[in-house]
Amino acid sequence: MPSWNSRGLRGSTLEELVNLTNEKYRANHLALIQKIPTPIKPINIDKATRHITLAYFEQRSTVDYIGAVQGIPVCFDAKECATDTFPLQNIHEHQMQFMKEFEEQGGVAFLLIYYSNKNYFYYLRFKELETFWERAQQGGRKSFRYEELTPCYEISTNNGVFVHYLEMLNQDLASR
């Protein structure tokens, strides 16, 4: 199990942008999305500052966010990628299983990916993610390239919303 001070906190800038977006959506009564905290067990605490310096995750996380958009249940994970290739090792089997079961219950699951090298946000539909995942499970590529993505799911920034994923969610729903 990874520790709290491991590389798992790389996407904190993306997370902050998503949190700000979700606050804006809530203020405008468009969506109610919550960040799901992963419970940690503190191991080392700096006595002078009372800050946790080492901790372990108590259990596996499912996804980063869950909630409802205009009555539609949604769950998603936010991931950051520094190159044109997204390694599928950044997604865990239990997360895939959770998202699959969520979709089977009538919800919508997806990933928000920030390609930091391109300053590009992408809405990855679960169906698309599942295709890449199955390819890897069958011995194919263990990643997917930026060029393999459907260009119409690029996320734009507008009206003061940093990661305006609701437009892509609407497009996803229309394609089902």
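Just so it is clear, the values below take in all heavy atoms, side chains as well, and ignore hydrogens, waters and symmetry mates.
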(request) Could you check Y122 against E128 for side-chain contact (heavy atoms from CB on, under 4.5 Å), going step by step and ending with a plain yes or no? (result) CA-CA 12 Å; Y122 187 79; E128 205 172 1; 3.1 Å; yes
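- No hydrogens or angles considered: a donor-acceptor pair under 3.5 Å links the side chains of D172 and Y123.
- Other residues, nucleotides and ligands contribute at most 12 non-hydrogen atoms within 6.0 Å of the CD atom of E93.
- L173 and L32 are assigned to two separate hydrophobic clusters, defined by single-linkage of ILVMFWY side chains at heavy-atom distances under 4.5 Å.
- Residues C75 and M99 approach most closely at SG-CG, 4.2 Å, considering heavy atoms.
- Between F76 and V18, some side-chain heavy-atom pair lies under the 4.5 Å cut-off.
- Partners of K142 under the side chain to side chain donor-acceptor pair (under 3.5 Å) rule, at least two apart in sequence or in another chain, do not exist in this structure.
- Within the 4.5 Å cutoff, no side-chain heavy atoms of V63 are placed close to those of L111.
- Atoms OH and OH, from Y25 and Y165 in turn, are 5.5 Å apart once rounded to the nearest 0.5 Å.
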(request) Go through F121 and L17 one step at a time and tell me if the side-chain contact (heavy atoms from CB on, under 4.5 Å) criterion holds. (result) CA-CA 11 Å; F121 294 96; L17 291 175; 3.9 Å; yes
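- Here R145 does not pair with E148 in a salt bridge; the nearest charged N to carboxylate O distance is not below 4.0 Å.
- Between H164 atom NE2 and L30 atom CG the span is 8.0 Å, to the nearest 0.5 Å.
- Heavy-atom neighbours of Q105 CD from other residues, nucleotides or ligands within 6.0 Å: at or below the threshold of 12.
- When side chains are defined from C-beta on, K35 counts as touching Y65, because their heavy atoms get closer than 4.5 Å.
- The local environment of OH in Y120 is crowded, with over 12 non-hydrogen atoms from other residues, nucleotides or ligands closer than 6.0 Å.
- Under the side chain to side chain donor-acceptor pair (under 3.5 Å) criterion, N170 pairs with no residue, sequence neighbours left out.
- Side-chain contact between F144 and R135: present, with at least one pair of heavy atoms (C-beta onward) separated by less than 4.5 Å.
- Look at D64 and K79 and you find no salt bridge, because none of the NZ, NE, NH1 or NH2 atoms lies under 4.0 Å from a carboxylate O.
- Once rounded to the nearest 0.5 Å, the distance linking CG of L14 with SG of C81 reads 11.5 Å.
- Between the OG1 atom of T131 and the CZ atom of R125 there is a distance of 8.5 Å, given to the nearest 0.5 Å.
- For R141, there are no salt bridge (Lys or Arg N to Asp or Glu O under 4.0 Å) partners, not counting sequence neighbours.
- Dense packing is recorded around NZ of K118, with more than 12 heavy atoms of other residues, nucleotides or ligands lying under 6.0 Å away.
- Contact detail for I155 and V163: the closest heavy-atom pair is CG2-C, 3.8 Å.
- In this structure, the side chains of V74 and I33 come closer than 4.5 Å at one or more pairs of heavy atoms.
- A heavy-atom distance below 4.5 Å is not found between the side chains of F86 and L124.
- T62 has its side chain out of reach of F102: every pair of non-hydrogen atoms, C-beta onward, lies at least 4.5 Å apart.
- We find the CD-CG distance between E134 and L88 to be 11.5 Å, quoted to the nearest 0.5 Å.
- For Q34, the CD atom sits in a loose shell: 12 or fewer heavy atoms of surrounding residues, nucleotides or ligands are nearer than 6.0 Å.
- Of all non-hydrogen atoms in E80 and S116, the two that sit nearest each other are OE2-CB, 3.9 Å.
- Separation of atoms CH2 (W133) and CZ (F126) is listed at 10.0 Å; rounding is to 0.5 Å.
- When side chains are defined from C-beta on, D77 does not count as touching I91, because their heavy atoms never get closer than 4.5 Å.
- For E101 and Q97, the side-chain atoms include at least one donor-acceptor pair closer than 3.5 Å.
- Looking only at distances, a side-chain donor or acceptor of T83 sits under 3.5 Å from a matching main-chain atom of T85.
- Nearest heavy-atom pair, R176 versus G107, reported as atom, atom and distance to 0.1 Å: NH1-O, 4.1 Å.
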